[in-house]
Each structure stands twice: as C-alpha cells, then as structure tokens.
Amino acid sequence: MQLHQATANKIEDAPICSFSKGVIYYVHSGRNAWHSTWAARYSNGCMHATLPSAKSYAEGERKQGTKFYITQLPCLLIRNKTDSYFITEINNRTPLSGHALAIPQMPGTVTDQPVKIGASTRKALESFDPSSQFWRIRPHAKNSIMLLHYPNSSISVEKLTPEPLRSMQSRSDGPDYYLSWSNRESLADQSAVQRIYRKLKLIKSGRIKEHHAADDQKLDLA
C-alpha cells in the first residue's frame with residue numbers, strides 16, 4: 001500500500017472523524033538515513049503502510065550495486081469519512097519534535113488547536129506544513145515534513161507501541177533471487193509523536209484545556 005504525498009491546501013476538505021498514531025515504512029537507498037551529514041530524500045512511491053508493500057517497492061527499484069533500507073517511522077494518522085492522512089518527518093531523529101500542536105497565545109486567551117474530531121481536515125494538515133505558525137522549530141521546506149495520503153478511510157495501519165522502532169538493510173544474493181533483509185534498530189525516535197497523540201487524547205477527554213495544548217508542562221501534570 002503506497003502512500004503518496006499530499007498538498008494540504010489542495011485536498012478535498014471534510015470533517016475529521018478520528019485521529020490516532022501509527023507506523024509507516026520508508027524505503028530509501030544509499031547510506032543509512034540520518035548518519036553523518038547525509039540527507040535522506042523523498043521519492044515518489046517510497047512511503048508505505050505495510051512492510052510487504054515496502055519490500056515489493058524495493059524489488060521494483062533494484063539496480064546493480066544498490067543497497068536499500070526500510071525504516072519504520074512514527075506518524076500521526078488523521079481520518080475523515082473517505083480518506084486517511086499520515087503525518088511524519090524525515091531528516092529528524094525525532095519526527096515532529098518541533099511542532100507545538102497549538103499557537104501559544106497570551107494568558108487567558110484560547111489558542112487554535114485544529115486537530116480535533118469534527119474539525120477541518122485541511123486546516124489540521126495545514127498546521128503541519130513547514131510554513132505554518134505551529135512550529136517551535138521550523139523544519140526545512142523540502143525533504144522534511146511528509147503529509148501522505150491514502151484514498152480509503154479504512155486502511156489498516158500498524159500500531160505505534162513503546163517498543164523500539166526498527167530498520168532493515170537489504171542484501172542481494174543475485175538477480176534471480178529476492179532481496180534478503182537484516183534487522184537493525186531504527187534511528188527514529190517516536191517520543192514526539194507519542195507526546196502529540198497523548199495531548200490530543202487528553203484534550204478530547206477534557207483532562208487538559210484546548211488553550212493549554214502548546215504547554216508541555218500541562219501534559220506532565222495531567
């Protein structure tokens with residue numbers, strides 16, 4: 001199941017039906033992503049909802065001497081009635097760590113927190129655009145934030161658990177054989193996605209107020 005990049009301000013808008021957290025698979029080649037100063041790049045078709053889909057994509061991209069990596073990435077998942085949207089980040093060891101979830105305001109004022117049931121899917125996705133005001137640390141305009149789309153709201157997505165994320169490295173045993181894969185621990189840190197998801201759940205349950213969404217201390221006290 002390939003996931004394709006979406007442009008937030010061009011999607012067909014609809015109310016958010018649910019939000020959750022999950023794991024997606026990023027296929028890249030060359031050296032392992034985020035080592036040294038080497039930057040990973042997005043290429044069309046490289047993001048997948050399942051490991052078999054990621055492996056199948058790598059098989060189709062095989063060239064002599066090319067080594068592939070499949071990296072699990074933590075993501076925030078937003079669904080409306082017809083579509084699923086995945087939000088993650090590459091070239092950051094802790095995806096979405098710079099996102100505030102809400103725009104800090106003066107004390108006593110209500111802040112804008114767009115990721116909530118019944119709210120606009122488009123506005124929620126726009127809040128994760130690199131140019132939005134919702135970033136404490138603004139990401140690069142390219143090869144950073146991934147807004148990904150799948151045209152089905154019922155797609156099954158692997159759950160994000162506290163277990164360490166994994167990465168896989170390919171090995172070729174010859175052109176007549178499928179690639180072999182060896183496991184290794186992923187460099188990606190899931191803590192920021194877990195923090196954002198926990199805030200959204202606490203706001204939904206009423207345990208913290210919406211205008212405290214940008215305040216991490218409120219999360220610690222909840």
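Along the sequence shown, residues are numbered consecutively beginning with 1.
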Go through the structure and list residues passing side-chain contact (heavy atoms from CB on, under 4.5 Å) with [X], not counting sequence neighbours.
X	answer
P74	P95, L160, L165, A188, Q190, V193
S120	D13, R122, K123
D173	R171, Y177, S180
D129	S131

To the nearest 0.5 angstrom, please state how far the [atom1] atom of [X] sits from the [atom2] atom of [Y].
X	Y	atom1	atom2	answer
I90	N143	CD1	CG	5.0 Å
S144	R138	OG	CZ	11.0 Å
W181	S170	CH2	OG	4.5 Å
N80	I117	CG	CD1	11.0 Å
L73	S186	CG	OG	6.5 Å
I24	L77	CD1	CG	9.5 Å

Where the side chain of [X] meets the backbone of [Y], is there a donor-acceptor pair that is under 3.5 Å apart?
X	Y	value
R79	I155	yes
R93	D189	no
T121	A14	yes
H99	A192	no
E59	L179	yes
E89	L96	yes
T88	C75	no
S84	N152	yes

Indicate the atoms forming the closest heavy-atom contact of [X] with [Y], along with that distance.
X	Y	result
A6	I11	CB-CG2, 4.4 Å
F134	S127	CB-O, 3.4 Å
S97	N92	OG-ND2, 3.3 Å
Y197	S20	CE1-CA, 3.5 Å
Y69	R184	CE2-NH1, 3.8 Å
F128	L147	CB-CD2, 4.0 Å

Side chain proximity check, [X] to [Y], heavy atoms < 4.5 angstrom:
X	Y	value
S153	D83	no
Y178	K55	no
Y25	M47	no
E158	T50	no
E61	T66	no
R62	S172	yes

*Apply the test side chain to side chain contact (heavy atoms under 4.5 Å, CB included) to residues N44 and H4: give CA-CA distance (whole Å), side-chain angles for both, the deciding distance (0.1 Å), then the verdict.*
CA-CA 7 Å; N44 190 37; H4 295 283; 3.4 Å; yes
*Name all residues meeting the ring pair (Phe, Tyr, Trp, His ring centres under 6.0 Å) criterion together with H140; count only those two or more places apart in sequence or in a different chain, and write none if there are none.*
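Result, ring pair (Phe, Tyr, Trp, His ring centres under 6.0 Å) vs H140: none returned.
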*Yes or no on side chain to side chain contact (heavy atoms under 4.5 Å, CB included) for I145 and W135, after CA distance, side-chain angles and deciding distance?*
CA-CA 11 Å; I145 302 303; W135 293 99; 3.3 Å; yes
*Let me see the working for T94 and S191 under side chain to side chain contact (heavy atoms under 4.5 Å, CB included), right down to the final yes or no.*
CA-CA 7 Å; T94 309; S191 60; 3.6 Å; yes
*For R166, all residues meeting salt bridge (charged side-chain N to carboxylate O under 4.0 Å, His left out), sequence neighbours excluded*: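 Partners of R166 under the salt bridge (charged side-chain N to carboxylate O under 4.0 Å, His left out) test: none.
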